[in-house]
Amino acid sequence: MVDVAKNLKEVLGHLPEGVELVAISKYHPNEYILPAYEAGQRIFGESHEQELRQKVETLPKDIQWHFIGHLQTNKVKYIIDKVDCIQSVDSVKLAKEISRLAEKIGRKMPVLIEVNIGGEESKGGIEKAALPELLEEIAVLPGIQVNGLMAIPPICAEKSALCNYFSQMHQSFIDIRAKKIDNVFMNCLSMGMSSDYAEAIECGATMVRIGSSLFGPRDYTR
């Protein structure tokens with residue numbers, strides 16, 4: 001069994017003050033999540049609505065759940081009352097549905113805009129060039145609050161190339177913050193995973209999403 005508490009302590013030891021950790025618990029069972037919780041971790045990330053719902057029902061109620069995966073509009077209704085942040089908003093259509101359902105239950109849902117910084121067809125997110133227009137359209141929605149940006153860069157052989165993508169994201173983050181758009185709060189720049197979170201932090205990440213360094217390899221057969 002993986003020593004999750006030890007791994008968590010090690011990861012936290014590498015995070016500077018002001019950088020939050022989302023423990024990516026997708027495909028990991030409760031018996032892996034609970035040691036992290038008992039060691040003080042409170043923010044966990046899931047990417048499948050069905051798995052998320054099961055965990056919400058069976059794990060401590062003070063966990064803050066972040067939805068990090070591709071979210072179809074017809075699945076929003078299943079998670080709207082269960083998550084504390086949706087990190088993968090990439091369209092006006094999705095933002096409108098989140099806002100509509102959040103309003104129905106009296107919530108204002110914190111969201112991050114997912115940016116496809118590498119322009120990869122295999123990944124979700126909007127192109128960086130489309131970010132200003134998207135923000136303009138969704139900032140007026142009453143049921144959401146835009147709290148920042150999220151990105152997953154392409155796999156890079158060279159650190160310099162990886163840092164270039166992270167730096168582009170940080171510049172967009174700073175530029176948007178400077179515009180002081182109503183209902184757009186650039187409080188969170190979510191980037192960096194187990195293999196590259198050190199570089200992401202160097203380039204300005206305020207939140208990192210770490211799974212395998214905490215919980216070990218995922219069991220995709222579960």
Side-chain angles (χ1 to χ4, degrees), residues 1-15 19-90 94-95 97-112 114 124 143-145 147-148 150 152 187-188 190-195 197 206-222:
M1 177 116 175
V2 176
D3 191 338
V4 175
K6 179 183 176 183
N7 291 346
L8 176 64
K9 184 177 180 180
E10 184 173 340
V11 167
L12 290 174
H14 289 103
L15 301 189
V19 176
E20 284 193 295
L21 169 65
V22 181
I24 303 303
S25 50
K26 63 179 185 179
Y27 295 113
H28 291 296
N30 289 2
E31 51 265 37
Y32 280 65
I33 298 170
L34 281 170
Y37 174 85
E38 289 162 0
Q41 180 63 24
R42 289 296 180 270
I43 307 176
F44 291 83
E46 291 287 331
S47 61
H48 299 283
E49 54 87 14
Q50 191 170 10
E51 184 178 2
L52 170 69
R53 289 157 67 190
Q54 291 170 346
K55 287 176 176 175
V56 168
E57 290 298 317
T58 55
L59 287 164
K61 302 309 177 189
D62 60 335
I63 287 177
Q64 299 174 42
W65 294 102
H66 285 216
F67 195 85
I68 59 166
H70 175 68
L71 181 59
Q72 297 173 298
T73 54
N74 65 344
K75 302 291 187 181
V76 175
K77 61 180 176 285
Y78 297 122
I79 69 164
I80 195 69
D81 61 339
K82 295 175 174 60
V83 298
D84 295 274
C85 180
I86 297 173
Q87 293 205 18
S88 49
V89 173
D90 60 0
L94 176 58
E97 183 65 359
I98 293 169
S99 177
R100 183 182 75 82
L101 292 173
E103 267 204 295
K104 282 182 71 173
I105 60 171
R107 293 195 66 183
K108 196 175 182 76
M109 176 63 68
V111 303
L112 304 184
E114 183 177 2
I144 66 169
Q145 176 177 297
N147 274 359
M150 184 270 260
I152 304 171
N187 301 322
C188 180
S190 174
M191 58 184 192
M193 299 186 290
S194 292
S195 62
Y197 71 90
T206 68
M207 175 177 282
V208 293
R209 309 178 307 273
I210 297 178
S212 58
S213 290
L214 296 175
F215 303 115
R218 295 185 183 96
D219 181 3
Y220 294 100
T221 64
R222 291 184 67 251

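Everything numeric in this text was worked out from a predicted model, so none of it was measured.
- Atom CG of Leu214 is separated from atom CD1 of Ile24 by 9.0 Å, given to the nearest 0.5 angstrom.
- Sparse packing is recorded around NZ of Lys104, with 12 or fewer heavy atoms of other residues, nucleotides or ligands lying under 6.0 Å away.
- Atom-to-atom distance recorded for Met193:CE and Met191:CE is 12.0 Å, nearest 0.5 angstrom.
- In terms of heavy atoms, Ile98 sits closest to Ile80 at O-CD1, 3.7 Å.
- A 4.5 Å side-chain heavy-atom check between Tyr197 and His14 finds at least one atom pair inside the cut-off.
- Residues Leu21 and Gln41 approach most closely at O-NE2, 2.9 Å, considering heavy atoms.
- Screening residues 61-74 for side-chain hydrogen bond (donor to acceptor under 3.5 Å, both in side chains) gives Tyr37-Asp62, Arg42-Asp62, His66-Gln87 as the qualifying pairs, with residues at least two apart or on separate chains.
- Judged by distance alone, the side chain of Ser194 and the main-chain N or O of Ser213 form a donor-acceptor pair under 3.5 Å.
- A heavy-atom distance below 4.5 Å is not found between the side chains of Leu52 and Tyr78.
- Shortest non-hydrogen contact noted between Val22 and Met207 is CG2-SD, 3.5 Å.
- Under the 4.5 Å side-chain criterion, counting only non-hydrogen atoms from C-beta, Leu71 is in contact with Ile79.
- A heavy-atom distance below 4.5 Å is not found between the side chains of Phe67 and Cys85.
- Between the CD1 atom of Ile68 and the NE2 atom of His48 there is a distance of 8.5 Å, given to the nearest 0.5 Å.
- In this structure, Glu114 and Ser88 approach most closely via the heavy-atom pair OE1-CB, 3.5 Å.
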Take Val19 and Val208, measure what side chain to side chain contact (heavy atoms under 4.5 Å, CB included) needs, and give me the verdict at the end.
-> CA-CA 7 Å; Val19 176; Val208 293; 4.3 Å; yes

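- The backbone N or O of Ala95 sits nowhere less than 3.5 Å from a side-chain atom of Ser99 that would complete a donor-acceptor pair.
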Lys55 and Phe44: CA distance, side-chain angles, deciding distance, side chain to side chain contact (heavy atoms under 4.5 Å, CB included) verdict = CA-CA 10 Å; Lys55 287 176 176 175; Phe44 291 83; over 6 Å; no

When you look at Asn7 and Val2, which way does the side chain to side chain contact (heavy atoms under 4.5 Å, CB included) test go after all the steps?
-> CA-CA 8 Å; Asn7 291 346; Val2 176; 3.2 Å; yes

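- Shortest non-hydrogen contact noted between Leu34 and Pro60 is CD2-CD, 4.0 Å.
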Leu94 and Asp90: side chain to side chain contact (heavy atoms under 4.5 Å, CB included), yes or no, with the steps?
-> CA-CA 7 Å; Leu94 176 58; Asp90 60 0; 4.1 Å; yes

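- Taking each heavy atom of Arg107 and Asp84 in turn, the nearest pair found is NH2-CA, 4.1 Å.
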Show your working on salt bridge (charged side-chain N to carboxylate O under 4.0 Å, His left out) between Lys6 and Glu10 and close with a plain yes or no.
-> CA-CA 6 Å; Lys6 179 183 176 183; Glu10 184 173 340; over 6 Å; no

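- Between Gln145 and Met109, the closest side-chain pair of non-hydrogen atoms is not below 4.5 Å.
- Atom CD in Glu20 sits 10.0 Å away from atom CG in Asn187 (nearest 0.5 Å).
- Side-chain atoms of Leu12 and Leu8, non-hydrogen and from C-beta on, do get closer than 4.5 Å to each other.
- No donor-acceptor pair closer than 3.5 Å links the side chain of Arg209 to the backbone N or O of Gly45.
- In this pair, His28 and Phe215 present their aromatic rings tilted. The plane angle is within the 30 to 60° band.
- Residues Val89 and Leu112 have side chains not in contact (no heavy-atom distance under 4.5 Å, counting atoms from C-beta outward).
- The distance from atom CD of Gln50 to atom CZ of Arg53, rounded to the nearest 0.5 Å, is 6.5 Å.
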Audit row: Ser25, Glu46, side chain to side chain donor-acceptor pair (under 3.5 Å) steps and yes/no = CA-CA 6 Å; Ser25 50; Glu46 291 287 331; 2.6 Å; yes

